[in-house]
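Since the structure comes first, as structure tokens, the remarks are kept for the end.
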Amino acid sequence: MKTTPTDAAPPSDQPEGMSRRELVAGGALTAAALATSGAQRAQAEERSSVAVASANGLEAVGRAVAQMDAGISPVEAAVHGVAVVEDDPDDVTVGYGGLPNSEGVVQLDSCCMDGPTMRAGAVAALEGFRHPAQVALQVLQRTTRVLLVGEGAARFARTIGFEEENLLTEKARKIWLYWKANMSDRDDWIPGPGQTEDSDVQWFMNTYGPVRPTGTINLCAVDGNGDVGGTTTTSGLFFKIPGRVGDSPLIGAGLFVDNEVGAAGSTGRGESVIQIAGGHTVVEFMRAGKSPEAACLAALERLVQATRVPYLLDDKGRPSFNVKFYAVNKAGETGSATIWSGGRHAVCRTGSKPVHLDSAYLYERDPK
Ligand code: GLY
């Protein structure tokens with residue numbers, strides 16, 4: 001049987017006058033999610049599952065599709081899919097091995113959302129747990145709340161039984177220390193001997209350059225029933241102010257799911273995504289009839305219009321940062337767009353291998 005996060009009824013917030021037991025017995029809490037008719041099941045067998053993610057989600061989309069094909073709900077499949085990236089110490093933008101905040105502490109943000117029920121769970125500034133998406137899923141499944149932050153989120157994760165650990169890898173520690181020693185000639189730090197030549201530091205500078213980007217994984221999924229779910233998980237802006245939270249744990253910004261329409265999420269400069277409620281905006285453009293790719297581009301155009309402060313604009317008045325949107329509609333069409341050219345995204349469908357596809361874009365990068 002298909003598992004859904006709604007199998008566990010929420011512990012409170014029931015309509016007045018009815019006990020939780022009565023609600024469950026009456027089917028009021030679970031009927032919508034569990035009532036899959038025989039006709040729907042037959043249709044599902046003909047339809048395939050699909051997942052779209054940021055470029056670092058190639059393996060994750062394959063796992064998510066395999067899970068959905070095995071009957072796991074899209075939101076759970078998405079959370080299980082991204083775990084492979086949260087576990088990867090070489091992805092310095094997510095989970096274990098993520099780059100820390102300015103004080104050397106790894107703080108993680110994540111959310112997830114289930115289309116059939118519109119329920120969501122999220123954690124922000126979570127320390128010590130490598131799978132924030134799984135903690136967010138527990139918030140969705142086991143509480144009546146949506147967002148837990150900081151020490152409260154960590155206490156919740158401990159209570160649920162997640163294993164606590166130090167997430168700062170040696171590689172991330174060296175990169176953080178290099179950044180501290182080189183970010184200013186007016187602070188207390190000076191470059192250490194051999195620091196610049198260190199292979200991990202050189203990898204970081206070659207990969208990310210002198211700027212301070214954000215990395216993240218967003219994964220949106222639709223199963224054979226046309227049910228939709230998604231998740232976004234990140235260590236956020238490299239070397240951020242402690243406590244800074246980006247778009248990734250915010251429903252409507254880093255992710256939005258609507259079972260009538262589809263799902264959308266983002267990576268890149270979170271503050272700019274928050275300012276236009278990015279994920280929700282993409283979904284609303286799809287609701288109005290745009291394809292996933294056209295909806296992502298339309299949301300980026302709105303984001304560009306909302307970018308007005310000079311320190312975020314280049315000499316031609318264009319954003320000096322990047323944001324990427326990813327989307328899937330209920331029919332299983334996928335799309336992605338970025339502000340600046342050169343972006344890719346990952347897609348997988350039932351029966352096919354995961355592939356990288358080029359994302360649409362607003363501006364061609366100037367040749368170097
Ligand atoms: N989009 C990830 C962040 O801004 O934290």
Side-chain angles (χ1 to χ4, degrees), residues 52-57 60 78 82 85-86 91-103 105-113 122-127 130 132-133 135-136 147 149-150 153 167 172 176 179 207-208 211-220 230-256 263-282 296 299-300 303-304 306-307 309 311-312 319-327 336-340 343-346 359:
V52 59
S54 40
N56 55 350
V82 300
V85 183
E86 292 175 325
D91 190 318
V92 296
T93 72
V94 178
Y96 178 70
L99 286 172
N101 66 20
S102 62
E103 293 179 358
V105 178
V106 181
Q107 288 187 326
L108 304 177
D109 300 334
S110 181
C111 72
C112 61
M113 190 163 180
V123 290
L126 175 68
E127 297 175 13
R130 69 164 66 195
V135 183
L147 174 60
V149 304
L167 302 180
W176 163 66
W179 174 79
T207 308
Y208 294 103
V211 293
R212 221 163 28 114
T214 50
T216 298
I217 178 167
N218 163 254
L219 195 154
C220 296
T231 187
T232 304
T233 175
T234 190
S235 50
L237 177 68
F238 298 178
F239 322 126
K240 59 197 173 187
I241 298 171
R244 176 267 185 191
V245 168
D247 56 328
S248 301
L250 302 184
I251 296 296
L255 177 73
F256 192 68
S266 58
T267 62
R269 188 175 188 277
E271 285 74 7
S272 296
V273 176
I274 294 169
Q275 280 167 337
I276 64 148
H280 185 261
T281 296
V282 174
C296 292
L300 286 175
L303 185 150
V304 169
T307 304
V309 289
Y311 67 84
L312 289 176
S320 55
F321 57 88
N322 209 0
V323 163
K324 305 174 186 181
F325 286 123
Y326 315 88
S336 165
T338 75
I339 297 177
W340 290 99
R344 296 195 303 166
H345 58 287
S359 299

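Positions are given from 1, in the same order as the sequence printed here. Counting starts at 1 for both ligands and their atoms, in listed order.
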Please could you name the atoms of ligand 1 that [X] approaches to less than 4.0 Å, counting only its heavy atoms?
X      : result
Leu237 : 5 (O)
Ser248 : 1 (N), 2 (C)
Gly268 : 1 (N), 2 (C), 3 (C), 4 (O)
Asp247 : 1 (N), 2 (C), 3 (C), 4 (O)
Gly270 : 4 (O)
Thr216 : 1 (N), 2 (C)
Gly236 : 5 (O)

Kindly say whether [Y] contributes a backbone atom to a donor-acceptor pair with the side chain of [X] at under 3.5 angstrom?
X      : Y      : answer
Thr231 : Cys111 : yes
Asp247 : Ala253 : no
Thr232 : Ser110 : no
Gln275 : Leu303 : no

Taking non-hydrogen atoms only, is Val273 closer than 4.0 angstrom to ligand 1 via side chain, backbone, both or neither?
neither

For ligand 1, find out whether one of its N or O atoms is nearer than 3.5 Å to an N or O atom of [X].
X      : answer
Glu271 : no
Thr267 : no
Gly246 : no

Ala53 versus Tyr326, closest heavy-atom pair with distance
O-CD2, 3.8 Å

Verdict with reasoning, Phe321 to Thr307, per side-chain contact (heavy atoms from CB on, under 4.5 Å)
CA-CA 10 Å; Phe321 57 88; Thr307 304; 3.8 Å; yes

Determine whether any heavy atom of Lys240 lies closer than 4.0 Å to an atom of ligand 1.
no

Please determine which of Asn56, Thr267, Thr234 meets the side-chain hydrogen bond (donor to acceptor under 3.5 Å, both in side chains) test together with Thr216.
Thr234

Nearest 0.5 Å please: distance from the OG atom of Ser320 over to the CH2 atom of Trp340.
9.0 Å

